Amino acid sequence: MIKDTITVQEQLNRIEKYALLGAKNVLTFEEAIMFTGLSKSTLYKLSASHSVPCYKPRQKLLYFEKKELELWLLQNRQNTTDEIESKALNYVVTGQL
């Protein structure tokens with residue numbers, strides 16, 4: 001039988017890693033994966049296609065600014081149903097968006 005539960009030590013290590021992320025402004029590639037929840041291959045593809053903001057000093061390692069990643073993650077906001085209905089009602093009443 002394969003054990004699906006993680007040990008207490010593994011849980012503590014994860015908590016420690018996430019706590020350290022909160023204090024950092026510049027993230028390594030591995031930290032950016034943890035922060036965004038993206039897979040390694042997805043983040044590599046996005047950085048290679050210049051779709052995600054990143055830094056590559058000396059053309060070697062990738063670094064990410066946490067604030068830029070936050071803004072990138074929050075782009076293309078989707079309106080809620082209430083917002084869409086409100087805009088539609090406003091358009092019907094005023095004829096303007």
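As the structure is a computational prediction, the values presented were derived from the model and not from experiment. Residue indices begin at 1 and follow the sequence shown. Basis for what follows: all heavy atoms, side chains included, without hydrogens, waters or symmetry-related copies.
Heavy-atom minimum distance, Leu38 versus Ile33: O-CG2, 3.1 Å. Residues Cys54 and Leu62 approach most closely at SG-CD2, 3.9 Å, considering heavy atoms.
Shown here is Gln78, whose CD atom has no more than 12 heavy atoms of other residues, nucleotides or ligands within 6.0 Å.
The line from CG of Leu69 to CD of Glu31 is 11.0 Å long, rounded to the nearest 0.5 Å.
Applying the under-4.5 Å side-chain rule to Ile, Leu, Val, Met, Phe, Trp and Tyr, the cluster around Val93 extends to Leu89.
Residues Leu73 and Leu27 are members of one and the same hydrophobic cluster, defined by side-chain heavy-atom contacts under 4.5 angstrom among Ile, Leu, Val, Met, Phe, Trp and Tyr.
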Report task. Decide yes or no on side-chain contact (heavy atoms from CB on, under 4.5 Å) for Thr28 and Leu61, but give the supporting numbers first. Result -> CA-CA 8 Å; Thr28 64; Leu61 300 175; over 6 Å; no
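Applying the salt bridge (charged side-chain N to carboxylate O under 4.0 Å, His left out) test to residues at least two apart or on different chains, the pairs with a partner in residues 71-87 are Arg77-Glu83. Residue pairs that meet the salt bridge (charged side-chain N to carboxylate O under 4.0 Å, His left out) test with at least one member in residues 40-62, sequence neighbours left out, are Glu30-Lys40. Screening residues 20-69 for ring-ring contact (aromatic ring centres under 6.0 Å, His included) gives Phe29-Tyr44 as the qualifying pairs, with residues at least two apart or on separate chains.
With sequence neighbours excluded, the residues that form a side-chain hydrogen bond (donor to acceptor under 3.5 Å, both in side chains) with Ser41 are Ser39. The side-chain hydrogen bond (donor to acceptor under 3.5 Å, both in side chains) search around Ser51 returns Ser49, not counting sequence neighbours.
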